[in-house]
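Hydrogens, waters and symmetry mates are skipped; everything else that's a heavy atom, side chains included, is used. Quick note on labels: first sequence line is chain A, next is B, and so on, each numbered from 1.
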Amino acid sequence: MRLSQLFFSSLRDDPVEAEMPSHRLLLRAGYIRQLGSGIYSLLPLGFRVTKRVEQVVREEMNRIGSQEMEMPVVHPADLWRESGRYDAVGPEMVRFKDRAGRDMVLAMTHEEVVADLLRDIVKSYRQLPMMVYHFQTKFRDEPRARGGLIRVREFVMKDAYSIDRDDAGLDASYWAQHGAYVRIFERLGLEAIAVASDVGMMGGSLAHEFMVLNPAGEDVLVLCEQCGYAANRQVAVVPRPSPAAEDELPTEAILTPGTATIADLAAFLGIGIERTAKATFFTTGDGRLITAIVRGDFEVNETKLVNAVQATGGIRPATLDEIKAAGMEPGYGSPIGAHDTTVVVDDLAARSPNLVAGANREGYHLRNVNVPRDYTPDLITDITNAREGDPCPDCGGTVILRNGIEVGNIFKLGTKYTDALGAGYLGEDGERHSIVMGSYGIGLGRNLACIVEAHHDEKGIAWPDEVAPYAAHLVTIGAAREPRVVEIGDRLHALAADAGREILYDDRDESPGVKFTDAELLGMPWIVTISPRSLAAGGAEVTRRTTGERSTVAIETLESWLRDGFPGPEAGAA
RNA sequence: CGGGGCGUGGCGCAGUCUGGUAGCGCACCAGUCUGGGGGACUGGUGGUCGUCGGUUCAAAUCCGGCCGCCCCGACCA
């Protein structure tokens, strides 16, 4: 591809809205352009990388026997009503009517379509197990897109679905996908770690997310460097301290003006924050007020809370009015004297004696509050976030917290969708059974962005060989005073194309500085320079983008590389 | 949805407070020079100032509505 003809434009200045390196570089190097919030065009370079990422995923899916197909982006709403998700999913699903007035939706994922196909196609246990997958556009009207390709609203995802007779089959499929994911991320040059995760709106029994560590990541991971324990903080359960036993002292009201926060309260009373009980308030999608009590030295884990109270439609922070309507005073709140609220108490807070809690009266707290003496929880369970330095649940070591970006996930769905849609098969025993499903996603664009996050320097992108849009970037210099430069450049470019290994050819009449700068920005693994100087030195100058290592290579050698492939990374600059 | 910020040529910005002929750098076009690290000079092209309405002799500038984008939070497979 001649750069002079390429549909792209590099930018000299950083676009102001791009903060993450991947966003900035993909924009500057002409790989992507934004059309709207969370909506991007892939320019030819970006498209080529995407196709290479896709091909890696395809090969590994095929390797485990998953069959490629394609399912639609537009679905009849009735299908989603059958599974119950039409109502369960919020405004992130785009809904519209077609010309005949039928309710339609844009696909966020394809469990329903697969289950619908299953009831048509699968009749007998003899057909199982099977796995299918496709690469298809999803649209999720995220409340907030961010980070360039990291979090978008429209994106292409590889989603695979396993179709099994029973849980044992599902288990085998699940771990086959797990293995494929490990190979995929390794090939993509991503250091992804599998962490235990919440099943969320997908439902199901077991789930892992594959995470790449990144300070801008939106998930918090709980990791143990000693034993390798890894979990999303949403689900991480770590050992809790054991509070020292104390006699329960009588409750007493105390004046605590201006202490609406735990920190202020503890400072005012001269006690540690672990001696306080913190009340936080949430409202569920179906309108219940939840009062969550944790010790002052812990934070509420909303995922655990949602799961504990089985909140349909999730939870949101309660409004002041909602809290007061239940007889509580924000800033000085506690379940004592409250009504019409579900009280969930963290088990550590419940075990901790003589805590200071709110008195439900502005400027007052209660000393020596004890559970269940002073109020009756509806539920006592772990609803807190793991903290940096907490003990590791597996080895007793110390956990650390790190931010991560989810580059893939795997879910054991079970029979949630097949039951809802009535997709079953006739077993060997002559009985009808539910088909057992799993679902497995990888977002292409997000992976692409994560590759750039992991493979760039101050000059630009440095693609791993496996996904680079072109293996080599051919730069000609001094064409005006040495006709052989153009002759050789043209010949090499044509030779590579004939061999089916097209390269990027900077044939523009630009100064050397511009050409080198662009070559480093665009990030092809090999930069090949043809100039009077290189010809005098014996051929072409070849630079490895990642290391900056340079060497002179005879034109004949270069020709063989262009025909047969460049040497692997281990061969260095050769 | 809450908080903050921003919309002026492809990118980055000034001009808005204090109304009076739309500017700068980069990019782009032509020419000359230069030719291994975003080179120099000369001359050019390109903008209904997000949008709709109002005030005014006159609006990028003042007032109001709407739209869009970014960041933080909420949210999220």
Side-chain angles (χ1 to χ4, degrees), chain A residues 8-20 23-24 27-28 30 33-39 85 88-93 107-111 138 140-148 150-153 155 157 159 197-204 207-210 216 218-219 232 234 282-283 285 302-303 306 313-319 405-413 416 438-443 446 459-460 475-482 485 508-521 527 529-537 541 543 548 550:
Chain A
F8 106 118
S9 173
S10 64
L11 302 174
R12 180 170 294 201
D13 300 312
D14 283 333
V16 70
E17 75 273 10
E19 301 202 333
M20 290 183 72
H23 189 193
R24 206 180 68 230
L27 236 27
R28 273 195 58 200
R33 282 294 183 268
Q34 181 169 0
L35 183 61
S37 181
I39 306 177
R85 284 160 116 191
V89 175
E92 62 266 31
M93 183 157 72
M108 301 175 62
T109 173
H110 286 78
E111 282 78 15
K138 315 286 188 242
R140 298 177 187 177
D141 196 359
E142 297 286 349
R144 187 178 147 211
R146 72 186 100 185
I150 295 293
R151 183 161 209 82
V152 292
R153 296 194 296 167
F155 58 99
M157 173 184 261
D159 40 326
S197 68
D198 185 50
V199 293
M201 80 173 213
M202 304 291 308
H208 283 89
E209 292 164 339
F210 284 78
E218 299 176 275
D219 288 282
N232 193 308
Q234 291 177 328
F282 301 90
T283 301
E302 292 189 25
T303 303
V306 166
I315 56 175
R316 59 167 171 82
T319 65
I405 298 171
E406 179 185 350
V407 288
N409 58 41
I410 56 179
F411 286 90
K412 283 191 180 183
L413 297 175
K416 174 175 171 172
S439 93
Y440 315 92
I442 293 181
R446 181 180 287 185
K459 292 174 174 172
V475 173
T476 49
I477 286 172
R481 61 181 194 287
E482 175 53 87
V485 165
R508 299 174 302 174
D509 180 22
E510 288 286 356
S511 73
V514 171
K515 290 189 163 194
F516 286 136
T517 306
D518 269 345
E520 283 156 344
L521 177 63
I527 298 170
T529 308
I530 307 282
S531 69
R533 185 198 286 187
S534 79
L535 293 176
E541 181 183 276
T543 307
R550 291 183 192 189

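Counting to the nearest Å, the C1' atom of A27(B) and the CG atom of D13(A) are 9 Å from each other. When the C1' atom of G5(B) is taken as reference, atom CD of E19(A) falls 12 Å away, rounded to whole Å. Counting to the nearest Å, the P atom of G4(B) and the CD atom of E17(A) are 22 Å from each other.
Both D518(A) and G148(A) sit near RNA chain B, but only D518(A) has its closest nucleotide nearer the 5' end. With RNA chain B read from its 5' end, the first of the two nearest nucleotides for K138(A) and S10(A) is the one closest to S10(A).
Pair assignment for G36(B): none, as no Watson-Crick or G-U wobble contacts are both less than 3.5 Å. The pairing partner recorded for C24(B) is G12(B), the criterion being a Watson-Crick or G-U wobble arrangement whose two distances lie under 3.5 angstrom. When Watson-Crick and G-U wobble pairs are counted only if both distances are under 3.5 Å, U45(B) pairs with no nucleotide at all.
Comparing G12(B), G37(B), G39(B) by their nearest atom to the side chain of R12(A) picks out G39(B). Among the nucleotides G38(B), G36(B), C11(B), the one closest to the side chain of L11(A) is C11(B). In this structure, the nucleotide among C26(B), C28(B), C75(B) sitting nearest to the side chain of E510(A) is C28(B). The listed nucleotides are C11(B), G36(B), C70(B); the one nearest the side chain of Q34(A) is C70(B). Nearest nucleotide to the side chain of R550(A), out of G37(B), C13(B), G35(B): G37(B). The T529(A) side chain lies nearest to G36(B) when the options are G36(B), C75(B), G35(B). Ranking G36(B), G38(B), A74(B) by closeness to the I477(A) side chain, first place goes to G36(B). Nearest to the side chain of T517(A), among G37(B), G39(B), G12(B), sits G37(B).
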Could you walk me through whether I527(A) and V475(A) pass the side-chain contact (heavy atoms from CB on, under 4.5 Å) test, one step at a time? CA-CA 7 Å; I527(A) 298 170; V475(A) 173; 4.3 Å; yes
Could you go through K416(A) and E111(A), starting from their C-alpha distance and side-chain angles, then the distance that decides it, and tell me whether this counts as side-chain contact (heavy atoms from CB on, under 4.5 Å)? CA-CA 10 Å; K416(A) 174 175 171 172; E111(A) 282 78 15; over 6 Å; no
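Checked by atom type and distance alone, the side chain of K515(A) pairs as donor or acceptor with a backbone atom of R508(A) at under 3.5 Å.
Within 4.0 Å (heavy atoms only), P512(A) reaches sugar-phosphate atoms of the nucleic acid but no base atom. In this structure, Q234(A) reaches neither bases nor backbone, as no heavy-atom distance under 4.0 Å exists between it and the strands shown. Looking at heavy-atom distances under 4.0 Å, S197(A) makes no contact with the nucleic acid at all. Nucleic acid contact class of R146(A) (heavy atoms, under 4.0 Å, all strands): base. Across all strands, D509(A) comes closer than 4.0 Å to base atoms (heavy-atom distances). Within 4.0 Å of G90(A), counting heavy atoms only, lies no atom of the nucleic acid at all. Among the heavy atoms of the strands lying under 4.0 Å from G147(A) are primed sugar atoms or P, OP1, OP2 only; no base atom is included.
Smallest separation of non-hydrogen atoms from S10(A) and L521(A): CB-CD2, 4.2 Å. Looking at every heavy atom in both residues, R28(A) comes nearest to P15(A) through CG-CD, 3.8 Å. Between I442(A) and V407(A), the closest heavy-atom pair is CG2-O, 3.7 Å.
Residue R481(A) places none of its side-chain N or O atoms closer than 4.0 Å to OP1 or OP2 of C33(B). Under 4.0 angstrom from either OP1 or OP2 of C70(B) there lies at least one side-chain N or O belonging to S37(A).
With hydrogens and angles ignored, a donor-acceptor pair closer than 3.5 Å exists between the side chain of R28(A) and the base of G38(B).
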